[in-house]
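Given the structure is predicted, the values throughout are model-derived calculations rather than measurements.
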Amino acid sequence: MFTLTERLTISAAATQTFATIDLGSYVDVGDRQALQVHSVDYIFQATGAHQNVTAAMGGSGVIHCQVTDLNRGGLVFANDRALVSSGQLNYDSDGFLTRDADLYPDNYGKGSDDGRYVVNDQLYISGLTSALAGGEAINITVRVNASIVTLGAKDFMAIAIQSTAADN
């Protein structure tokens with residue numbers, strides 16, 4: 001298992017921000033190799049790594065972040081087949097900071113059969129914050145714990161067809 005990391009920097013409130021993780025070195029259609037995602041972690045930080053996220057938000061609000069295996073152009077509902085993982089951080093004016101539990105799993109397990117298989121060449125990250133103080137930014141680091149697996153022809157085709165169908 002290894003970890004893929006990407007940082008998304010949100011510099012404006014109410015504006016979706018995007019980043020990608022290139023999987024071209026890990027996914028090989030000819031050899032039926034796929035990326036098996038075991039878990040996804042989200043780390044929320046302010047403009048500087050040492051700064052307080054709540055100060056950067058400047059008031060009550062929520063920060064959203066999602067990882068998908070198709071480019072949906074923004075945040076998606078939990079029933080979207082392209083959704084790999086999602087996270088959310090809420091802050092209220094009383095200073096109570098929480099993580100909102102998503103219905104979609106961010107931890108698939110570490111067994112050889114546990115995980116979400118990705119056969120596309122990129123993972124897409126979307127982020128949004130509803131509150132941001134002037135001159136500040138919210139940084140979200142996405143850490144994807146994964147491994148490379150070789151699938152049987154039937155399994156690879158089923159995942160590829162499902163991924164293509166999810167694109168429609």
Side-chain angles (χ1 to χ4, degrees), residues 1-13 15-28 33-57 61-91 96-132 136-151 159 162-163 166:
M1 206 163 36
F2 56 92
T3 303
L4 301 170
T5 304
E6 184 64 37
R7 185 174 70 181
L8 177 74
T9 301
I10 303 173
S11 56
T15 302
Q16 292 199 46
T17 306
F18 309 98
T20 59
I21 298 175
D22 184 13
L23 303 179
S25 299
Y26 309 105
V27 175
D28 186 347
Q33 285 183 334
L35 186 77
Q36 184 179 18
V37 176
H38 297 283
S39 65
V40 180
D41 297 317
Y42 298 92
I43 301 168
F44 298 90
Q45 295 176 297
T47 307
H50 64 284
Q51 293 175 301
N52 189 333
V53 173
T54 58
M57 290 180 75
V62 60
I63 305 169
H64 301 276
C65 191
Q66 292 182 338
V67 176
T68 59
D69 64 358
L70 293 171
N71 187 1
R72 296 293 199 215
L75 298 171
V76 299
F77 285 103
N79 68 333
D80 192 314
R81 289 181 181 251
L83 184 63
V84 174
S85 176
S86 60
Q88 189 177 82
L89 187 68
N90 294 314
Y91 171 65
F96 181 67
L97 195 61
T98 65
R99 175 190 57 80
D100 198 17
D102 295 310
L103 296 176
Y104 208 82
D106 298 326
N107 186 353
Y108 295 95
K110 296 181 180 169
S112 60
D113 292 332
D114 297 331
R116 161 69 186 262
Y117 298 105
V118 176
V119 296
N120 298 331
D121 59 354
Q122 292 197 27
L123 288 175
Y124 299 89
I125 305 167
S126 302
L128 176 72
T129 183
S130 63
L132 191 63
E136 297 290 338
I138 299 291
N139 289 287
I140 306 169
T141 300
V142 176
R143 297 175 53 90
V144 178
N145 297 307
S147 57
I148 299 170
V149 294
T150 301
L151 300 172
I159 292 169
Q162 177 180 324
S163 179

Worksheet entry | Non-neighbouring partners of Ala13 that pass side chain to side chain contact (heavy atoms under 4.5 Å, CB included), sequence neighbours left out | Leu132
Worksheet item: Between Leu35 and Leu4, is any pair of side-chain heavy atoms under 4.5 Å apart?
Response: yes
Worksheet entry | Test side chain to side chain contact (heavy atoms under 4.5 Å, CB included) applied to Val53 and Tyr91, step by step | CA-CA 9 Å; Val53 173; Tyr91 171 65; over 6 Å; no
Discussion item. Quick one: does any side-chain atom of Gln36 pair with a main-chain N or O of Asp114 as donor and acceptor, under 3.5 Å?
Written reply: yes
Worksheet item: Which atoms form the tightest heavy-atom contact between Leu151 and Ala34, and what is the distance?
Response: CD1-CB, 3.8 Å
Worksheet item: Does some side-chain heavy atom of Leu70 sit less than 4.5 Å from a side-chain heavy atom of Arg81?
Response: no
Worksheet item: Rounded to the nearest 0.5 Å, how far apart are CZ of Arg72 and CG of Asp80?
Response: 4.0 Å
Item to complete: Measure from the side-chain N and O atoms of Asp69 to the backbone N and O of Asn120, and report whether any donor-acceptor pair falls under 3.5 Å.
Response: no
Worksheet item: Where the side chain of Asn139 meets the backbone of Ala46, is there a donor-acceptor pair that is under 3.5 Å apart?
Response: yes
Worksheet item: Is the backbone of Val62 close enough, under 3.5 Å, to the side chain of Ser130 for a donor and an acceptor to pair up by distance?
Response: yes
Worksheet entry | Interatomic distance, Asn145 atom CG to Asp41 atom CG [nearest 0.5 angstrom] | 6.0 Å
Discussion item. Could you check whether any side-chain N or O of Gln66 sits under 3.5 Å from a backbone N or O of Val76, counting only pairs where one atom can act as donor and the other as acceptor?
Written reply: yes
Fill in: Val67 vs Tyr42 side-chain heavy atoms within contact, under 4.5 Å
yes
Discussion item. Less than 4.5 Å apart, side chain to side chain, heavy atoms only: is that true for Thr20 and Asp22?
Written reply: no
Worksheet item: Can you name the nearest heavy-atom pair linking Met1 to Ser147, along with the distance?
Response: CA-CB, 4.3 Å
Worksheet item: Of all heavy-atom pairs between Thr9 and Thr17, which one has the smallest distance, and what is that distance?
Response: O-CG2, 3.3 Å
Fill in: For Phe44, ring-ring contact (aromatic ring centres under 6.0 Å, His included) partners two or more places apart
none
Item to complete: Could you tell me which non-hydrogen atom of Ala137 sits nearest to which non-hydrogen atom of Ala56, and how far apart they are?
Response: O-CB, 3.9 Å
Worksheet, complete the sentence: Residue set satisfying ring-ring contact (aromatic ring centres under 6.0 Å, His included) with Phe2, at least two apart, ordered chain then number -> Tyr26
Practice prompt. Using side-chain contact (heavy atoms from CB on, under 4.5 Å) as the criterion, point out the one residue from Thr15, Thr129, Leu128 that pairs with Ile10.
Written response: Thr129
Fill in: For Val119 against Val27, the heavy-atom pair lying closest together
O-CG1, 3.2 Å
Item to complete: Specify the closest pair of heavy atoms between Ile63 and Met57, including all atoms of both residues, with the distance to one decimal.
Response: CD1-SD, 3.9 Å
Practice prompt. Could you tell me whether the side chain of Gln16 and the main chain of Leu75 form a donor-acceptor pair under 3.5 Å?
Written response: yes
Fill in: Rounded distance (nearest 0.5 Å) linking atom OG of Ser25 with atom CD of Gln33
11.0 Å
Practice prompt. Report yes or no: does Arg7 contribute a side-chain atom to a donor-acceptor pair with the main-chain N or O of Ala19 at less than 3.5 Å?
Written response: no
